[in-house]
A.B. asks: 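First the structure, which I've put down as structure tokens, then a few questions once you've had a look.
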Amino acid sequence: MSVVRADADSIARAAQLLRDGGLVAFPTETVYGLGADARNADAVRRIFVAKGRPEDHPVIVHVEDLAAAEGWIADMPDDARALAQAFWPGPLTLIVPRAADVLDAITGGQSSVGLRVPAHPVARALLAAFRGGIAAPSANRFGHVSPTTARHVADDLGDAVDLILDGGACDVGIESTIVAFMTGTPMLLRPGGIPLDAIAGVLGRMPLSRDATAPRASGTLTSHYAPRTPASLVKPDALLAELAQLEERDERIAVLAVSARRPDAFDGVWISAPNDATIYARMLYANLRALDGADADAILIERVPQERDWAAIGDRLARATSGEIDDRD
């Protein structure tokens, strides 16, 4: 494994590694992806081994543009095309009926395929050089905190990756919005980098909420994006009281707060996150990794505002804490 600065030479090297069946980690605007040739079954299987990912969990195929996406699709619904035209390149994944020749390893054996056109210049240059689809889930161990820097990838996956392209920290910082088009009505499978109101503005209506009929998709398990240290969500007005109770039991605590202020006597790791959803999202995974490295017994995370522009962050925090919400007053 080597980490190299993303430039024309390293991107050409990465494209050749993909053609040879290798694994390349690369930046997108959301998180770093662990890429393989999406037409090479052996290479795609290497992704699952490197991540410890369940074989029935589908991966997203990154393509260069809408025209390239057509080769992976049996039928492109009009609403899906409208979203693609509005938000590609960008942090939007479309789940659509798969073409017959798409690998089962990509789709988890389902009749659907997830497609995205990333906006990050390194990802776009790599796709242009490779001239094919790149299967790329997040470049971390399955279920754990997503990577937003090349160092995060190296820390998680090490020699399981043939090459890591370092394109700096990711601008969006949380994964793409996923919308499925497997029935007559669009369905939101995962909130993400494209706000729900923007999706609804193009569709002319809100997509359905995810239900039991939804196809399996990346990042939709109950526990995901999780630090190894036990973590829980706490109401803003209960955080300091909960912290005091844990400290009375001599537990070492790390805290991610928004409105709560650090007590003068607190000697653990306390991260004060900004009260701005865009900036909070950009910093979220780096902050969770810092808390996870604090040698704490537990992590307390202040619950974020219950507003639409915080929806994707709230989703990630709920999954990072396995839905554990401490509502004690």
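Remember, predicted model here, so these are calculated numbers, not experimental data. Hydrogens, waters and symmetry mates are skipped; everything else that's a heavy atom, side chains included, is used.
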A.B. asks: Checking Phe266 against Val255 for the side chain to side chain contact (heavy atoms under 4.5 Å, CB included) test, could you report, in this order, the C-alpha distance in whole Å, the side-chain angles of both residues, the deciding distance, and whether it holds?
C.D. replies: CA-CA 10 Å; Phe266 182 73; Val255 177; 4.1 Å; yes
A.B. asks: If we only count heavy atoms from C-beta on, is the Leu94 to Val113 side-chain gap below 4.5 Å?
C.D. replies: no
A.B. asks: Quiz question: by atom type and distance under 3.5 Å, do the side chains of Ser146 and Glu175 form a donor-acceptor pair?
C.D. replies: yes
A.B. asks: Between CD1 of Ile134 and CD of Glu64, what distance do you get to the nearest 0.5 Å?
C.D. replies: 9.5 Å
A.B. asks: Looking just at side-chain N and O atoms, do Arg98 and Ser112 make a donor-acceptor pair shorter than 3.5 Å?
C.D. replies: no
A.B. asks: Mark yes when over 12 heavy atoms from residues, nucleotides or ligands other than Glu55 sit less than 6.0 Å from its CD; otherwise mark no.
C.D. replies: no
A.B. asks: What heavy-atom pair brings Ala69 and Leu115 nearest, and what distance separates the two atoms?
C.D. replies: O-CD1, 3.8 Å
A.B. asks: I'd like to check Leu165 versus Tyr32 (side-chain heavy atoms, cut-off strictly below 4.5 Å). Are they in contact?
C.D. replies: no
A.B. asks: Taking all non-hydrogen atoms of both residues into account, name the closest pair between Ser10 and Leu163 and its distance.
C.D. replies: O-CD2, 4.0 Å
A.B. asks: When you compare the side chains of Ser176 and Arg190, does any donor N or O come within less than 3.5 Å of an acceptor on the partner?
C.D. replies: yes
A.B. asks: Is Arg46 paired with Asp162 through a side-chain N to carboxylate O contact shorter than 4.0 Å?
C.D. replies: yes
A.B. asks: Hey, does Val179 have a side-chain heavy atom less than 4.5 Å from the side chain of Leu189?
C.D. replies: no
A.B. asks: Salt bridge or not for Arg289 and Asp156, using N-O below 4.0 Å?
C.D. replies: yes
A.B. asks: Looking only at heavy atoms, what is the nearest atom pair of Ala135 and Ile106, with distance?
C.D. replies: CB-CD1, 3.5 Å
A.B. asks: Less than 4.5 Å apart, any side-chain heavy atom of Val63 and any of Arg116?
C.D. replies: no
A.B. asks: Under 4.5 Å between side-chain heavy atoms, hopping through other hydrophobics if needed: is there a path connecting Leu288 to Ile313?
C.D. replies: yes
A.B. asks: Look only at the side chain of Gln110 and the backbone of Thr107, and say whether a donor-acceptor pair between them is shorter than 3.5 Å.
C.D. replies: yes
A.B. asks: Strictly below 4.0 Å, N to O, side chains only: are Asp237 and Lys235 in salt-bridge contact?
C.D. replies: no
A.B. asks: Does this structure show an ion pair linking Asp166 with Arg151, if we count only N-O contacts that are shorter than 4.0 Å?
C.D. replies: no
A.B. asks: Do the non-hydrogen side-chain atoms of Phe48 and Val59 ever get within less than 4.5 Å of each other?
C.D. replies: yes
A.B. asks: The test is salt bridge (charged side-chain N to carboxylate O under 4.0 Å, His left out); show your working for Arg282 and Asp171 and say whether it passes.
C.D. replies: CA-CA 6 Å; Arg282 186 180 303 140; Asp171 288 336; 5.4 Å; no
A.B. asks: Evaluate the side-chain proximity of Ser2 to Val161: yes if any heavy-atom separation is below 4.5 Å, no if none is.
C.D. replies: no
A.B. asks: Centroid separation under 6.0 Å, is that true for the rings of Phe26 and His120?
C.D. replies: no
A.B. asks: What about Leu188 and Met206, same hydrophobic cluster or not, with Ile/Leu/Val/Met/Phe/Trp/Tyr joined at side-chain heavy-atom distances under 4.5 Å?
C.D. replies: yes
A.B. asks: Kindly work out whether a path of hydrophobic side-chain contacts (I/L/V/M/F/W/Y, heavy atoms less than 4.5 Å apart) joins Ile47 to Ile60.
C.D. replies: no
A.B. asks: With distance as the sole test, does His152 use its side chain to make a donor-acceptor pair with the main-chain N or O of Thr148 at under 3.5 Å?
C.D. replies: yes
A.B. asks: With Arg316 as the cation and Tyr225 as the aromatic partner, state whether NZ or CZ is under 6.0 Å from the six-membered ring centre and within 45° of the axis.
C.D. replies: yes
A.B. asks: Less than 4.0 angstrom from a charged side-chain N to a carboxylate O is my criterion; do Arg13 and Asp7 meet it?
C.D. replies: no
A.B. asks: Would you name the heavy atoms of Val96 and Met76 that are closest together and state the gap between them?
C.D. replies: CG1-SD, 4.4 Å
A.B. asks: Run the numbers on Val234 and Glu302 for side chain to side chain contact (heavy atoms under 4.5 Å, CB included), then give the verdict.
C.D. replies: CA-CA 5 Å; Val234 186; Glu302 181 181 335; over 6 Å; no
A.B. asks: Enter the distance from Asp309:CG to Thr278:OG1 here, rounded to the nearest 0.5 Å.
C.D. replies: 7.5 Å
A.B. asks: Let me confirm one number: the CZ-CG distance from Arg131 to Leu126, rounded to the nearest 0.5 Å.
C.D. replies: 13.0 Å
A.B. asks: Could you measure the distance from the CD atom of Gln16 to the CZ atom of Arg19? Nearest 0.5 Å is fine.
C.D. replies: 4.5 Å
A.B. asks: Do Ile73 and Ile95 belong to the same hydrophobic cluster, where Ile, Leu, Val, Met, Phe, Trp and Tyr are linked whenever their side-chain heavy atoms lie under 4.5 Å apart, directly or via other members?
C.D. replies: no
A.B. asks: When rounded to the nearest 0.5 angstrom, what is the spacing between CH2 in Trp88 and CG in Asp65?
C.D. replies: 9.5 Å
A.B. asks: Below 4.0 angstrom, N of the basic side chain to O of the carboxylate: do Arg319 and Asp315 qualify?
C.D. replies: yes
A.B. asks: Tell me if a side-chain donor or acceptor on Arg216 pairs with a main-chain N or O of Pro58 at a distance below 3.5 Å.
C.D. replies: no
A.B. asks: Under 3.5 Å, side chain of Arg261 to main-chain N/O of Ser259, donor-acceptor pair present?
C.D. replies: yes
A.B. asks: Grab the two heavy atoms, one from Ser138 and one from Pro147, that are nearest each other, plus how far apart they are.
C.D. replies: CB-CD, 4.0 Å
A.B. asks: Would you please test Met182 and Ser111 for side chain to side chain contact (heavy atoms under 4.5 Å, CB included) and show each step?
C.D. replies: CA-CA 9 Å; Met182 298 304 294; Ser111 60; 3.6 Å; yes
A.B. asks: Count the heavy atoms of every other residue, nucleotide or ligand shown that sit under 6.0 Å from CG of Asp78, and state whether that count exceeds 12.
C.D. replies: no
A.B. asks: Can you tell if the side chain of Leu83 reaches within under 4.5 Å of the side chain of Leu92, non-hydrogen atoms only?
C.D. replies: yes
A.B. asks: Should the pair Arg124-Glu29 be classified as a salt bridge under the 4.0 Å nitrogen-to-oxygen rule?
C.D. replies: no
A.B. asks: Under a 3.5 Å distance rule, please check whether Asn275 uses its side chain to pair with a backbone N or O of Val258 as donor and acceptor.
C.D. replies: no
A.B. asks: Side-chain heavy atoms nearer than 4.5 Å, only ILVMFWY residues, links allowed to pass through others: does that put Ile178 and Val202 together?
C.D. replies: no
A.B. asks: Under the side chain to side chain contact (heavy atoms under 4.5 Å, CB included) rule, what do Ile174 and Leu284 come out as? Steps first, then yes or no, please.
C.D. replies: CA-CA 8 Å; Ile174 56 173; Leu284 173 59; 4.1 Å; yes
A.B. asks: Could you check whether any side-chain heavy atom of Asp37 comes within less than 4.5 Å of a side-chain heavy atom of Phe130, counting everything from C-beta outward?
C.D. replies: yes
A.B. asks: Keeping the roles fixed (side chain from Arg81, backbone from Gln85), state whether a donor-acceptor pair exists under 3.5 Å.
C.D. replies: no
A.B. asks: Could you give the distance from CG (Asp267) to CD1 (Ile253), rounded to the nearest 0.5 Å?
C.D. replies: 11.0 Å
A.B. asks: Any donor and acceptor pair, going by atom type alone, linking the side chain of Lys51 with main-chain N or O of Asn140 inside 3.5 Å?
C.D. replies: yes
A.B. asks: Do Thr185 and Arg205 have a side chain donor and acceptor closer than 3.5 Å?
C.D. replies: no
A.B. asks: Is it the case that the side chain of Gln306 and the backbone of Val304 share a donor-acceptor pair, with hydrogens and angles ignored and the cut-off at 3.5 Å?
C.D. replies: yes
A.B. asks: Which atom names give the shortest non-hydrogen contact between Thr177 and Ile194, and what distance separates them?
C.D. replies: OG1-O, 2.8 Å
A.B. asks: With no hydrogens and no angle check, is any side-chain donor or acceptor of Trp310 less than 3.5 Å from a backbone partner on Gly314?
C.D. replies: no
